[in-house]
Protein chains: 2
Amino acid sequence: MTGFKTGELIAQPGTEILAEGASASQLFTALHGMGLRYKLLQDGSRQVVGFILPGDFIGLQNGVMGEMKHSVEATTRMTLCVFNRSELWDLFRNQPQRAFGLTHIAASEEFVLGEMLAAVGRMEGLTKVAWLLNRFFTRLTALGLNENDRVPLPYRQQDIADAMGLSLVHTNKTLAKLRRAGIVTWADDGLTVHRPDQLAEHAVSVGKEIPSRPLI
Amino acid sequence: MTGFKTGELIAQPGTEILAEGASASQLFTALHGMGLRYKLLQDGSRQVVGFILPGDFIGLQNGVMGEMKHSVEATTRMTLCVFNRSELWDLFRNQPQRAFGLTHIAASEEFVLGEMLAAVGRMEGLTKVAWLLNRFFTRLTALGLNENDRVPLPYRQQDIADAMGLSLVHTNKTLAKLRRAGIVTWADDGLTVHRPDQLAEHAVSVGKEIPSRPLI
DNA sequence: CGTAAAGTTGATACTTATCAAACTTTGTGG
DNA sequence: CCACAAAGTTTGATAAGTATCAACTTTACG
């Protein structure tokens with residue numbers, strides 16, 4: 001893998017790392033910082049199709065299909081490990097184990113998108129937001145970025161809205177609900193989860209509340 | 001590829017080919033017939049995460065991650081080409097170009113899910129339905145299944161609803177709108193598009209067509 | 001001919017979007 | 001250090017889009 005690596009790249013906040021439709025000659029791995037993947041629709045709206053956390057691979061579609069199918073943007077300052085796309089062939093020829101790893105990454109990304117699709121398509125607002133926050137909390141904790149129930153979350157409310165198919169205003173009000181319920185606090189680019197259990201409870205699709213049966 | 005193939009399998013309509021969570025030892029390619037991929041949420045609702053048309057690969061997640069992340073069901077009678085999962089590793093070792101092809105398939109599936117996510121998250125009902133029908137029409141036409149502007153479409157309205165995150169009733173009324181507008185007719189498991197231009201117009205594009213696999 | 005599955009329709013309730021405006025925070029230059 | 005601009009957050013009022021419910025029709029089939 002050492003020979004595969006080409007160099008490192010620093011991306012400033014707000015920078016577009018890869019553009020949809022681009023056929024860049026490079027692939028990346030995120031070393032530090034966070035970013036997001038998104039698509040722009042014809043009507044100007046944006047769909048966030050993924051959040052990039054440290055360790056995530058970037059540009060696989062480009063590497064394998066010759067063109068990016070979504071744009072990638074740095075949310076915070078990011079350090080990227082740069083690979084050369086042209087060396088991808090060599091990897092498939094000479095390092096089947098790593099080639100398999102790449103396929104595994106692709107399949108994993110597909111899996112994550114499937115989960116998001118189910119959340120966006122079938123959950124209601126509160127559940128969507130709770131689900132996403134819970135996901136962040138879990139993933140970031142697994143990355144060792146949890147300090148006193150607080151994980152870094154440098155995104156904006158608009159990002160969450162665009163990810164879950166909600167309007168900014170509705171997302172804001174939903175976040176307020178979770179905050180007032182004392183479940184989470186999201187401020188200063190950090191998410192603090194006071195009641196992990198309740199968050200997880202909201203995150204699982206509870207659906208409609210069962211109409212309470214009158215006590216006779 | 002010949003040695004890779006294990007045999008053929010016939011799946012009857014309504015049959016579950018692969019179950020979410022299952023770690024079957026087989027992979028498939030759809031030769032004839034159609035099916036769909038779906039996830040079940042905790043509250044019982046269903047999210048369709050993909051439609052399987054002739055030529056589609058089934059079970060890649062299982063092959064590469066050891067477990068299916070969604071279920072696969074035959075909608076019509078299907079003929080499946082069966083592969084053995086255990087031979088996957090041989091393929092990666094000895095046939096790098098086919099291994100690359102598999103990765104390409106995985107990346108393509110990710111791409112399709114991204115498109116669906118954008119549609120489900122950011123479109124309104126009429127646009128969602130028009131987008132999906134337009135997608136069927138385009139893909140099936142590309143498969144040579146178009147006869148006089150009519151393509152086979154053996155799914156039920158519930159499937160479209162579960163794919164686009166709509167209720168059955170709303171989907172029904174939306175379909176009625178497209179029908180009354182003289183744009184499409186969907187009856188007897190066949191979709192006839194009378195005004196391809198108007199259908200495409202309603203289906204605000206999220207991106208481009210599925211790219212064909214590049215020659216290595 | 002009875003039954004089950006799928007499609008249709010109208011009435012109603014709820015969720016979410018949109019609009020508009022105020023407020024807060026942050027960064028920048030005078 | 002303050003004024004100002006820009007970006008982000010918050011809130012209330014209202015409109016639009018969808019879900020839900022319930023009944024009815026049509027079709028397929030043993």
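A note on names: the letters A, B, ... follow the listed sequences, proteins ahead of strands, and every chain is numbered from 1. Keep in mind the model is a prediction, meaning the values are calculated, not measured.
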Using whole Å, what does the distance between atom C1' of nucleotide C/dT26 and atom CG of A/Asp189 come to? 12 Å

Can you name the atoms? Protein N/O to nucleotides 4-9 of chain D N/O, anything below 3.5 Å, with the distance.
unit_1: D/dG8; atom_1: OP1; unit_2: A/Arg156; atom_2: NE; d: 3.4
unit_1: D/dG8; atom_1: OP1; unit_2: A/Arg156; atom_2: NH1; d: 2.8
unit_1: D/dG8; atom_1: OP2; unit_2: A/Arg156; atom_2: NH1; d: 3.2
unit_1: D/dT9; atom_1: OP2; unit_2: A/Gln157; atom_2: N; d: 3.3

Taken to the nearest whole Å, NZ/B/Lys173 to P/D/dA16 is 18 Å

Once you apply a heavy-atom cut-off of 4.0 Å, does B/Gly165 come out as touching a base, just sugar-phosphate, or nothing? sugar-phosphate

Gap between atom CD of B/Glu8 and atom SG of B/Cys81 - 0.5 Å precision: 6.5 Å

Ring centroid separation A/Phe83 to A/Phe28 under 6.0 Å: no

Between C1' of D/dG17 and CE of B/Met123, the distance in whole Å: 16 Å

Nucleotide D/dT11, atom P - distance to CG of A/Leu175 in whole Å: 11 Å

Does B/Leu166 reach a base, just sugar-phosphate, or nothing at all? Heavy atoms under 4.0 Å. sugar-phosphate

Of the candidates D/dT11, D/dG17, C/dT16, the side chain of A/Glu124 sits closest to C/dT16

Note: A/Arg37-A/Glu109 ion pair, threshold 4.0 Å (strictly below): yes

Presence of salt bridge, A/Asp43 and B/Arg122, under 4.0 angstrom: no

CZ of A/Arg122 versus C1' of D/dT18: gap in Å, rounded? 11 Å

Between atom CE in B/Met164 and atom C1' in D/dG17, what is the gap in whole Å? 15 Å

On DNA chain C, more 5' by nearest nucleotide between A/Thr171 and A/Asp188 is A/Thr171

So, are B/Asp189 and B/Arg156 salt-bridged, with charged N and O less than 4.0 Å apart? no

Does B/Lys39 come within less than 4.0 Å of A/Glu115, counting only side-chain N to carboxylate O? yes

B/His170 has a side chain; which of D/dT20, C/dT18, D/dT18 sits nearest to it? D/dT18

Under a 3.5 Å cutoff, is there a donor and acceptor pairing between the side chains of B/Thr103 and A/Thr103? yes

